[in-house]
Amino acid sequence: MKAIVYERYGSPDVLKLAEVEPPAPATNEILIKIHAVEATKADCEMRSFRFAVKWFWLPLRLAFGIRKPRNKILGAYFAGEVESVPQTCSRLKVGDKVFGASKLKLGAYGEYLSLPDNYAIEKMPANMSFEEAAASLLGGWNALHFIDKVKLKAGESILINGAGGSIGLFAIQIAKSIGAKVTAVDKASKHDVLKTAGANRIIDYQEQSFADSDERYDVVFDMVASSSYSSCISVLNPKGRYAKGNPRLLDLLRSLVTPRLSGKEVVVAFAGETIQELATLKEMIEAGKIRSIIDSTFSMEQAAAAHRKVETEKRNGAIVISIP
Ligand SMILES: NC(=O)c1ccc[n+]([C@@H]2O[C@H](COP(=O)([O-])OP(=O)(O)OC[C@H]3O[C@@H](n4cnc5c(N)ncnc54)[C@H](OP(=O)(O)O)[C@@H]3O)[C@@H](O)[C@H]2O)c1
């Protein structure tokens, strides 16, 4: 089969289109013909082995290969068609259009992927293309998880920091569908897409710090690794909730004391990406509450360009690699 492989950590140019052995599914595995996969910030981080949050480096390097990548095919968020299912699997059948995640197994940058049948794989939303379905996963799943954790309610206010990214654009839509008032923070080039997603108010972080205003929020949802923990806490109402998607070690420690000192709640959990959350995501998409916002779609041959676009942040929406 064709796959985008990388033999060493490095720039986007390490990604090459190659012919590799297709996966041979074990007796408990589902074989999926991949049609589309999102190229994410996390894929770029795994490729270059440069992380915004530095403490990820050592555990991930030990897991993924010290000198070179052990698993040569990246990609975690896919949409495709079921090619074969184990006899024990009753919830999916051959030919079903599905979307899901391969978690740390990765491998979705290729024509076929084989995954255990207990992985979160669900029938695709009926109203989406393969590209849209692949682009809904990282953003929709993670945004749903964190917004659920902070128990956002109708009429509340939420500040979303890093709102123009994959997770942020879904967080805006989910918060709006709940009936919250959304302030979105990102740079000026992303303001049109923030409005498209439904933001009520937009702050350009290159012009102004959100902490410089008197505005207070019931919830802060923060996707920016370098953001100031104390600024995020300071703009919360009493009893406000702070969710951080990429906590540094110090943030993890501070999250233990903040609730005792201030009564404000801090959520630093990693998203579990469960099948129940995936089913909820599908329902919300089919109900028209949220949708994927795609910047551009690349072919397998253009994988390096896709990664460059993700890394340079000159994008308004998801970057998808289409696998015909
Ligand atoms: N906890 C978990 O389970 C979990 C799961 C998935 C992802 N994550 C983490 O969550 C983070 C967000 O993921 P993502 O895929 O949405 O990333 P992304 O697509 O790169 O989005 C990040 C956004 O933040 C913007 N940004 C950068 N600096 C900023 C600043 N100082 N103030 C405001 N906005 C700023 C970026 O835009 P510009 O750079 O163009 O300004 C970009 O639009 C990543 O660090 C990822 O590793 C955590």
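Heavy atoms only: backbone and side chains are in, while hydrogens, waters and symmetry mates are out. For ligands, and for the atoms within them, numbers begin at 1 and follow the listed sequence.
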Shared ILVMFWY cluster between V94 and M124, side chains joined below 4.5 angstrom?
no

Does this structure show an ion pair linking K2 with E21, if we count only N-O contacts that are shorter than 4.0 Å?
no

Not counting sequence neighbours, list each pair that qualifies as a side chain to side chain donor-acceptor pair (under 3.5 Å) and has a residue in residues 65-78.
Y77-E273

Salt bridge or not between D96 and K93? Use side-chain N to carboxylate O under 4.0 Å.
yes

Scan F146, F221, Y229 and name whichever one has a ring pair (Phe, Tyr, Trp, His ring centres under 6.0 Å) with Y242.
Y229

Within 45 degrees of the ring normal and closer than 6.0 Å to the centroid, is that where the cationic atom of R47 sits relative to Y9?
no

Kindly tell me which protein residues have any non-hydrogen atom under 4.0 angstrom away from an atom of ligand 1, grouped by chain and ordered by number?
K41, L138, N142, F146, N161, G162, G164, G165, S166, I167, V185, D186, K187, K190, Y205, M223, V224, G245, N246, A269, F270, A271, E313, R315

